[in-house]
Enquirer: 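Below are the structure tokens for one structure; questions will follow.
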Amino acid sequence: MDDTLASTRWVNVFLAGMIAGVILTVGAWSWMVFAKPANVWSLEQAAEFKAANDAVHTARSGGRHGEELDGSNPDPRYLAAAQARLERIAADLDRARVARDSWGKWGAAAGLALTIASGLGYLASRGP
């Protein structure tokens with residue numbers, strides 16, 4: 001009786017694993033198809049990126065943010081600060097792009113692996 005009860009528990013665990021794997025796979029596939037850039041990168045972040053890019057351009061042109069461009073040599077301190085800000089924001093953007101592109105693939109792979117492993121466990125736990 002205990003063997004039958006333990007076997008039934010494992011069968012239920014593996015069935016639940018297969019269902020969870022299918023749900024994870026479908027969810028990850030849906031993410032790849034329907035996810036928009038706004039899901040990982042907000043409009044505020046995009047505006048901050050544009051402002052930082054403009055600040056670097058202004059600094060390279062010899063002006064400061066909000067000042068007229070005079071064509072003189074850029075202030076190295078202002079240019080370095082503007083470039084550091086742009087690099088930080090660009091790194092955030094790259095992480096967001098990678099996350100958006102890879103979450104779906106990794107999620108689908110994990111879902112498929114869970115489904116296959118649970119299916120094999122289910123078949124093994126059913127016995128002869």
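Starting from 1, each residue takes its place in the sequence as its number.
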Enquirer: Compare every heavy atom of A28 with every heavy atom of G104, then report the nearest pair and how far apart it is.
Expert: O-CB, 3.3 Å
Enquirer: When rounded to the nearest 0.5 angstrom, what distance separates CZ in R88 from CZ in F49?
Expert: 12.0 Å
Enquirer: For G111 and T25, which heavy atoms make the closest approach, and how far apart are they?
Expert: C-OG1, 3.0 Å
Enquirer: Is it true that V98 and W106 fall in one hydrophobic cluster, defined by side-chain heavy atoms closer than 4.5 Å?
Expert: no
Enquirer: Roughly how far, to the nearest 0.5 Å, is CD of Q83 from CG of N53?
Expert: 11.0 Å
Enquirer: What's the shortest heavy-atom distance between V11 and S125, and which atoms?
Expert: CG2-OG, 3.5 Å
Enquirer: Is there a path of hydrophobic side-chain contacts, each under 4.5 Å between heavy atoms of I, L, V, M, F, W or Y residues, that connects I116 with L123?
Expert: no
Enquirer: If I compare all heavy atoms of V56 with all of A82, which pair ends up nearest, and what's the gap?
Expert: CG2-O, 3.3 Å
Enquirer: Enter the distance from L86:CG to E48:CD here, rounded to the nearest 0.5 Å.
Expert: 10.5 Å
Enquirer: Measure the CD1-CG distance between I89 and D94 for me, rounded to the nearest 0.5 Å.
Expert: 12.5 Å
Enquirer: Apart from W29 itself, what residues make up its hydrophobic cluster when side-chain heavy atoms of I, L, V, M, F, W and Y under 4.5 Å apart count as a link, directly or indirectly?
Expert: M32, V33, F34
Enquirer: In the single-linkage hydrophobic clustering (I, L, V, M, F, W, Y; side-chain heavy atoms under 4.5 Å), do W31 and L24 co-cluster?
Expert: no
Enquirer: Under 4.5 Å side-chain heavy-atom separation, chaining through any Ile, Leu, Val, Met, Phe, Trp or Tyr, what else clusters with I23? Say none if it is isolated.
Expert: I19
Enquirer: To the nearest 0.5 Å, how far apart are CZ in F14 and CG in L114?
Expert: 10.5 Å
Enquirer: Measure the CZ-CG distance between R97 and D92 for me, rounded to the nearest 0.5 Å.
Expert: 12.0 Å
Enquirer: Side-chain contact, heavy-atom cut-off 4.5 Å: V22 with M18?
Expert: no
Enquirer: For residues V13 and Y122, determine if any side-chain heavy atom of one lies less than 4.5 Å from a side-chain heavy atom of the other.
Expert: no
